[in-house]
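In this chain, numbering begins with 1 at the start of the sequence shown. Only heavy atoms go into these numbers, but all of them, side chains included; no hydrogens, no water, no symmetry mates.
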Amino acid sequence: MNMVDQPADRASKYRIVSIRGGWRIQHGETSTGPFADPAEAIDQACRSARSDAARGRVAIVMAETAPRELHCYTPALEGQAAAAPGAPPHLRLIAHR
């Protein structure tokens, strides 16, 4: 199954949300934090998402920050080398309001 064929319920989703005193990462039924700086939470979620992509899952990080960010990590396609650790996501969107 390639990344396009992967059902949405099999994708990993990480949300960065504001909480009193900082930021939290929500992933399924679990949460991690608090983080004082949203960039710390985004970095941690992106490390987890890259790890998920290395194991063959599409992983999405949604940051409810200002500006809002969306990072999407995809598994390497057949015959394609995996991205080097610390490489930027395949897709990163930043929405300014």
Side-chain angles (χ1 to χ4, degrees):
M1 174 181 298
N2 67 34
M3 67 181 173
V4 175
D5 296 332
Q6 188 171 31
D9 63 341
R10 293 198 45 207
S12 294
K13 299 174 188 110
Y14 298 87
R15 284 185 53 221
I16 313 302
V17 296
S18 177
I19 59 170
R20 182 175 294 189
W23 298 85
R24 174 179 30 214
I25 302 169
Q26 294 179 328
H27 177 65
E29 299 294 319
T30 64
S31 65
T32 307
F35 295 89
D37 181 23
E40 287 180 73
I42 292 168
D43 288 345
Q44 177 62 45
C46 286
R47 279 192 294 277
S48 296
R50 274 194 290 281
S51 178
D52 290 347
R55 290 191 305 270
R57 294 179 63 106
V58 171
I60 299 167
V61 175
M62 297 170 286
E64 296 178 3
T65 56
R68 291 180 182 254
E69 294 188 29
L70 175 84
H71 302 249
C72 182
Y73 296 86
T74 57
L77 297 174
E78 243 179 79
Q80 186 181 45
H90 291 280
L91 172 66
R92 179 180 182 196
L93 301 175
I94 301 175
H96 295 276
R97 288 187 176 190

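Note: His71 NE2 to Ile60 CD1 = 12.0 Å, rounded to the nearest 0.5 Å. Separating the OG1 atom in Thr32 from the CD atom in Gln44 is a distance of 7.0 Å, to the nearest 0.5 Å. Rounded to the nearest 0.5 Å, atoms CD1 (Ile25) and CD (Glu40) are 10.0 Å apart.
Val58 and Cys72 get closest at one heavy-atom pair: CG1-SG, 4.2 Å. When all heavy atoms of Thr65 and Pro38 are compared, the closest pair comes out as CG2-CB, 3.7 Å. Glu64 approaches Val17 most closely through the heavy-atom pair OE1-CG1, 3.5 Å. The two atoms that bring Lys13 and His27 nearest to each other are O-ND1, 3.0 Å, heavy atoms only.
With contacts defined as side-chain heavy-atom distances shorter than 4.5 Å, the pair Asp52/Tyr14 qualifies. A 4.5 Å side-chain heavy-atom check between Trp23 and Ser18 finds at least one atom pair inside the cut-off.
Side-chain atoms of Ser51 and Arg47 include no donor-acceptor pair closer than 3.5 Å.
In summary, of the residues considered (Ser48, Cys46, Ser12), a side chain to side chain contact (heavy atoms under 4.5 Å, CB included) with Tyr73 occurs for Cys46 alone.
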